[in-house]
Amino acid sequence: MSDREVTLSRLRSQLDPKAAREKAGSADVSALGWDEIGFLCEGLAFAARPLRQATQSVTERYDLGPRGAWIINVISGGVAYPLDLARVFKVGRSLITAELARLTEAGLITSRPGEADRRRVELALTPEGEAASAQICDEMRAAILRNLAGYSADEVLHFAEMLRTVRGDGADC
């Protein structure tokens, strides 16, 4: 176990989730105390670690910034304009522009004037970008399947739904 893992093990909540669920029963979420909410927050705060690890090989191979691999996947999902990327990531356009320059230099994306509005730059993945996107998806899928192997597909999809709710789409933060 790495030094980081040892340190994190001291941080981990001592809450017994099964006992907490039994105690809470079908009570409203407002019945949860800090122990339970802290347990949830801990999970949310550190849940991104396996996803970062899943993007690490592509990030390192192409010398991408912290959002590079995520931008590849967002573009592969149909977001084609830099301003839309800035909105998705809730960051300034300059940060997206810097990431796009790295992605272009790495040969993972191309840009061209938009068809509907020639003033807007439209982004697309290159064949190498498509391959990088597939690798990222495969590695993320493997991490999720490994880490959630003890749960049913229904439970995983319910969890995903709950995460989307926690994420607060539409909120300003």
By side-chain hydrogen bond (donor to acceptor under 3.5 Å, both in side chains) - contacts of Gln135 (at least two apart): Ser57, Arg61, Glu139
Qualifying residues under side-chain contact (heavy atoms from CB on, under 4.5 Å), relative to Ser111, sequence neighbours excluded: Val121, Leu123
Partner residues of Arg118 under the side-chain hydrogen bond (donor to acceptor under 3.5 Å, both in side chains) criterion, sequence neighbours left out: none
Counterpart residues, salt bridge (charged side-chain N to carboxylate O under 4.0 Å, His left out), relative to Asp28 (two or more places apart): none
side-chain contact (heavy atoms from CB on, under 4.5 Å), paired with Leu108, selected from Leu100, Leu64, Ile71: Leu64
Qualifying residues under side-chain hydrogen bond (donor to acceptor under 3.5 Å, both in side chains), relative to Glu60, sequence neighbours excluded: Gln56
Set of salt bridge (charged side-chain N to carboxylate O under 4.0 Å, His left out) partners for Glu122, sequence neighbours left out: Arg112
Under the side-chain contact (heavy atoms from CB on, under 4.5 Å) test, residues paired with Ala86 that sit two or more places apart: Arg93, Ile96
Under 4.5 Å side-chain linkage, directly or through intermediates, the cluster mates of Leu32: Val29, Trp34, Ile37
For Thr126, side-chain contact (heavy atoms from CB on, under 4.5 Å) partners two or more places apart: Thr110, Glu128
By salt bridge (charged side-chain N to carboxylate O under 4.0 Å, His left out) - contacts of Glu161 (at least two apart): none
Asn73: side-chain hydrogen bond (donor to acceptor under 3.5 Å, both in side chains) partners, not counting sequence neighbours: Ser133
Set of residues satisfying salt bridge (charged side-chain N to carboxylate O under 4.0 Å, His left out) with respect to Arg67, sequence neighbours excluded: none
